[in-house]
Amino acid sequence: MKPMNAETVVLEEARPIEEELAARLIYDTGSYVFDCLYNRDFDAFLKITSHLWQQDVGAFSHRHAKAATYQGGLAGIALGFPQSLYAQEFGTGMATMAEMGSPELLAHLPSVAGHIPWLFPEVPEDAWYLLFLSAHPQARGQGIGEKLLLDCFDRARKAGCVSLHLDVAAVNPAVRFYERMGLERLAETTIPKIVASHGVPPHIRMVKYLVD
């Protein structure tokens with residue numbers, strides 16, 4: 001059997017399947033923020049994000065993702081969209097949390113929901129935003145993330161965008177990967193309240209300019 005790597009995976013439009021694995025891959029991209037938002041209730045995160053992945057609309061929907069598949073299974077995801085969809089699609093996630101969340105989660109949300117957005121600077125109108133990029137834990141370091149990211153550059157260009165933006169925790173080793181792939185650091189943001197309450201580290205806005 002050939003190993004799972006960049007040469008053996010196939011990129012295709014993501015489907016509303018393997019929702020729990022997709023949710024776990026999403027969690028790996030931003031565990032600090034998700035732990036803060038869900039008050040470290042991973043089961044609640046998994047249930048709600050799995051549901052969001054299966055929907056046809058929303059920022060966490062499979063419809064915005066490319067999947068790297070290996071022998072029919074999910075090996076990685078890259079989820080993003082042009083800025084024009086950014087605000088429109090994010091509202092559905094919070095509405096679903098309100099519908100599916102426990103009383104404890106709903107009581108917690110107001111204490112952090114107004115602070116987390118400050119970690120993420122405004123996305124320019126002519127930019128494409130990469131929300132999640134993650135490879136299967138068993139295949140990290142095998143070029144799958146690079147293959148997915150190069151595809152994101154192409155998706156952004158085809159959408160008429162002049163740059164690709166993303167946010168990543170400053171302590172995430174992925175920062176070095178993104179720099180190797182040509183992204184630059186634009187800003188670093190710290191929110192003291194959620195540093196104190198949940199240990200959320202500074203986040204870096206990174207950009208890749210897609211035009212010469």
Side-chain angles (χ1 to χ4, degrees), residues 23-42 44-46 48-49 52 58-60 64 77-83 85-98 101 104-135 137 140 145 148-149 152 156 161-209:
R24 291 179 182 275
L25 292 174
I26 289 171
Y27 177 81
D28 288 347
T29 69
S31 59
Y32 297 101
V33 172
F34 292 128
D35 284 347
C36 178
L37 189 61
Y38 284 88
N39 204 23
R40 301 188 179 93
D41 186 345
F42 180 72
F45 165 84
L46 197 61
I48 293 173
T49 306
L52 292 171
F60 289 39
H64 297 306
I77 59 171
L79 190 156
F81 31 71
Q83 190 275 346
L85 292 175
Y86 187 83
Q88 170 187 325
E89 294 291 73
F90 261 90
T92 58
M94 294 304 294
T96 301
M97 289 184 71
E104 292 78 14
L105 177 59
L106 297 182
H108 162 72
L109 281 175
S111 69
V112 298
H115 296 271
I116 289 175
W118 291 100
L119 278 176
F120 309 114
E122 184 176 349
V123 179
E125 292 184 2
D126 57 1
W128 200 86
Y129 188 69
L130 176 57
L131 187 56
F132 306 122
L133 175 69
S134 184
R140 288 175 185 162
L148 283 165
L149 185 57
C152 287
C161 299
V162 301
S163 62
L164 178 146
H165 286 235
L166 62 85
D167 294 290
V168 59
V171 297
N172 192 327
V175 173
R176 293 189 294 275
F177 161 71
Y178 289 128
E179 289 180 325
R180 180 169 60 82
M181 295 295 292
L183 280 87
E184 304 173 16
R185 301 184 188 213
L186 277 185
E188 186 168 328
T189 309
T190 301
I191 311 300
K193 180 178 174 64
I194 57 177
V195 171
S197 65
H198 289 82
V200 178
H203 275 57
I204 301 172
R205 167 60 59 88
M206 304 189 74
V207 60
K208 167 74 172 181
Y209 294 105

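Keep in mind that what you see is a predicted model, and the values were worked out from it rather than measured.
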Would you name the heavy atoms of [X] and [Y] that are closest together and state the gap between them?
| X | Y | answer |
| --- | --- | --- |
| His115 | Lys193 | NE2-CD, 3.0 Å |
| Pro137 | Asp28 | CG-OD2, 4.4 Å |
| Leu166 | Leu164 | CD2-CD2, 4.2 Å |
| Leu186 | Tyr209 | CD2-OH, 4.0 Å |
| Gln83 | Val123 | CG-O, 3.2 Å |
| Asp167 | Pro121 | OD1-CD, 3.6 Å |

Any heavy-atom pair between the side chains of [Y] and [X] that's under 4.5 Å?
| X | Y | value |
| --- | --- | --- |
| Leu105 | Met97 | yes |
| Val171 | Pro202 | no |
| Ile194 | Tyr32 | no |
| Ile116 | Leu37 | yes |
| Ile77 | His64 | no |
| Asp35 | Phe45 | no |
| Thr49 | Phe60 | yes |
| Leu85 | Tyr129 | no |

Taking the inter-plane angle between the rings of Phe34 and Phe132 on a 0 to 90° scale, is it parallel (under 30°), tilted (30 to 60°) or perpendicular (over 60°)?
tilted

Does the separation of the ring centres of His108 and His198 fall below 6.0 angstrom?
yes

Tell me whether the count of non-hydrogen atoms from other residues, nucleotides or ligands lying under 6.0 Å of CZ in Arg180 goes above 12.
yes

Counting only heavy atoms from other residues, nucleotides and ligands, does the tally under 6.0 Å from CD of Glu125 exceed 12?
no

Return the [atom1] to [atom2] distance between [X] and [Y], rounded to the nearest 0.5 Å.
| X | Y | atom1 | atom2 | value |
| --- | --- | --- | --- | --- |
| Ser197 | Ile191 | OG | CD1 | 11.0 Å |
| Leu52 | Ile26 | CG | CD1 | 8.5 Å |
| Tyr27 | Leu46 | OH | CG | 10.5 Å |
| Leu131 | Thr29 | CG | OG1 | 7.0 Å |
| Leu119 | Thr190 | CG | OG1 | 8.0 Å |

Mind checking what makes side chain to side chain contact (heavy atoms under 4.5 Å, CB included) contact with Val175, not counting sequence neighbours?
Val168, Glu179, Arg185, Ile204, Met206

Okay, side chain of Arg140, backbone of Ala135: is any donor-acceptor separation there less than 3.5 Å?
yes

Distance-only, no hydrogens or angles: does the Asn39 side chain make a donor-acceptor pair with backbone N or O of Asp41 under 3.5 Å?
no

With side-chain contact (heavy atoms from CB on, under 4.5 Å) as the criterion, how do Lys208 and Trp128 come out once you've worked through the C-alpha distance, each side chain's angles and the decisive distance to 0.1 Å?
CA-CA 10 Å; Lys208 167 74 172 181; Trp128 200 86; over 6 Å; no

